[in-house]
Amino acid sequence: MGFTEQRFNVNLSILFTELPLLERPAAAAAAGFTAVELWWPWVDSPTPERAELDALKKAIEDAGVQLTGLNFYAGRLPGPDRGALSIPGEESERFRANIDVAADFAASLGCKALNALYGNRVEGVDPAEQDALALENLVLAARAADRIGAILLIEALNKPESPLYPLVGAPAAVDVVEKVNEATGLGNAKFLMDLYHLSMNGEDLPAVIEEYASKTGHVQIADNPGRGAPGTGSLPLADLLDQLNKAGYDGWVGLEYKPGDRPSAEAFDWLPR
């Protein structure tokens, strides 16, 4: 089967970034995609002006693509931050201010998956205090997602690139998923399985898929090494996606890779037409 039967969407926060934000949805459509996903596009503002939200909504609608995934406010990303929800003080408040804004924007476009990045450890703050704050904020996010009929995604990153991020393995992220579901009773928290991050951690990817496919709400891919397109590294991505499919995962697969030294539109030559 390989790549031929998969449903791929393109992440507009890592691909097509050579274009202004409002031009990226149309560029993705021109490259043949019907669906897109985004990190929170306004890194400095959890609550952007209505006009900015409306302009992005119109760009997505005019392009004829479906928004299938959106991150909550996560601080400076790309940049030094890896989320805001476990950071005491102002960042946690910014995350909370963003929850309904992000959920309402997602709902306006029929987006059914919201990703909440956990946040880095803070020097001098007890990790248990951060984890308690994180659970509070994730419960709020899960309820907001449930209000719009969406799932809440919790992602594992990788330790080499995110050394202060505590969820750097599939078990750690799934443990938080289960704590959120236990706290809310909603069951709408799911694991975001990013095969690039897990491979950077040295995890046994077939074993991770076997154990956690049933708890997975979204999958993202990039090759390793390099975080480039499939075929630029050594990950057997077609085989891994086949295994996911056989394990019952039938959702979108987000392309969250770097285009390299070429325009993003030329970074899909691996993809069956």
Legend entry - OG-NZ distance between Ser214 and Lys190, expressed to the nearest 0.5 angstrom: 8.0 Å
Inset, instruction - Check Val180 against Ile154 and note the closest heavy-atom contact, atom names and distance. - result: CG2-CD1, 4.1 Å
Legend entry - Enclosure of Glu161 CD (heavy-atom neighbours >12, cutoff 6.0 Å): yes
Legend entry - Salt bridge Asp104-Arg147, side-chain N to carboxylate O under 4.0 Å: yes
Inset, instruction - Measure the shortest side-chain to side-chain distance between Val174 and Glu178 over non-hydrogen atoms and say whether it is less than 4.5 angstrom. - result: yes
Inset, instruction - Kindly indicate whether the side chain of Asn9, heavy atoms from C-beta on, has any atom under 4.5 Å from the side chain of Val253. - result: no
Inset, instruction - Taking all non-hydrogen atoms of both residues into account, name the closest pair between Val168 and Tyr165 and its distance. - result: CG1-O, 3.1 Å
Inset, instruction - Please examine the side chains of Leu15 and Tyr257, heavy atoms only from C-beta on, and report whether any two atoms are closer than 4.5 Å. - result: yes
Legend entry - Separation between CG of Leu117 and OG of Ser86, rounded to the nearest 0.5 Å: 10.0 Å
Inset, instruction - State the CG-CG distance between Leu85 and Leu140, to the nearest 0.5 angstrom. - result: 10.0 Å
Inset, instruction - Mark yes when over 12 heavy atoms from residues, nucleotides or ligands other than Arg262 sit less than 6.0 Å from its CZ; otherwise mark no. - result: yes
Legend entry - Residue pair Ala170 / Leu198: nearest heavy atoms and the distance that separates them: N-CD2, 3.9 Å
Legend entry - Separation of Leu244 CG from Leu237 CG (nearest 0.5 Å): 10.5 Å
Legend entry - Proximity of Phe72 and Phe95 rings by center, below 6.0 Å: yes
Inset, instruction - State whether Lys58 and Glu61 are salt-bridged, where the test is any N-O pair (Lys NZ or Arg NE/NH1/NH2 against Asp/Glu carboxylate O) under 4.0 Å. - result: no
Legend entry - Any side-chain heavy-atom pair of Pro171 and Glu203 under 4.5 Å: yes
Inset, instruction - Flag the pair Leu56 / Leu22 as yes when at least one side-chain heavy-atom distance between them is below 4.5 Å, and no otherwise. - result: yes
Inset, instruction - Report the residue from Asp81, Asn98, Val43, Asp44 that forms a side chain to side chain contact (heavy atoms under 4.5 Å, CB included) with Tyr73. - result: Asn98
Legend entry - Under-4.0 Å salt bridge between Asp131 and Arg121: yes
Legend entry - Partner of Ser199 under side chain to side chain donor-acceptor pair (under 3.5 Å), chosen from Asn224, Asp194, Asp223: Asn224
Inset, instruction - Quick one: list whatever passes side chain to side chain donor-acceptor pair (under 3.5 Å) with Glu23, sequence neighbours left out. - result: none
Inset, instruction - Among Gln220, Glu256, Arg227, find the residue that satisfies the side chain to side chain contact (heavy atoms under 4.5 Å, CB included) test when tested with Tyr196. - result: Arg227
Inset, instruction - Go through the structure and list residues passing side chain to side chain contact (heavy atoms under 4.5 Å, CB included) with Pro48, not counting sequence neighbours. - result: Trp40, Trp42, Ser45, Glu52, Leu53, Val101
Legend entry - Spatial distance of atom OH (Tyr249) from atom CG (Leu241) [nearest 0.5 Å]: 9.5 Å
Inset, instruction - Specify the closest pair of heavy atoms between Glu129 and Pro88, including all atoms of both residues, with the distance to one decimal. - result: OE2-CG, 4.1 Å
Inset, instruction - Looking only at non-hydrogen atoms, find the nearest pair between Leu235 and Leu195 and report the distance. - result: CD1-O, 4.2 Å
Legend entry - Heavy-atom closest pair, residues Ala172 and Leu167: O-CD2, 3.8 Å
Inset, instruction - Return yes if a side-chain donor-acceptor contact under 3.5 Å exists between Asn201 and Asn158, otherwise no. - result: no
Legend entry - Salt bridge Glu136-Arg96, side-chain N to carboxylate O under 4.0 Å: yes
Inset, instruction - To the nearest 0.5 angstrom, please state how far the CZ atom of Arg7 sits from the CG atom of Asn245. - result: 11.0 Å
Inset, instruction - Give the intermediate values and the outcome of ring pair (Phe, Tyr, Trp, His ring centres under 6.0 Å) for residues Phe33 and Phe268. - result: CA-CA 10 Å; Phe33 291 95; Phe268 306 109; 4.8 Å; yes
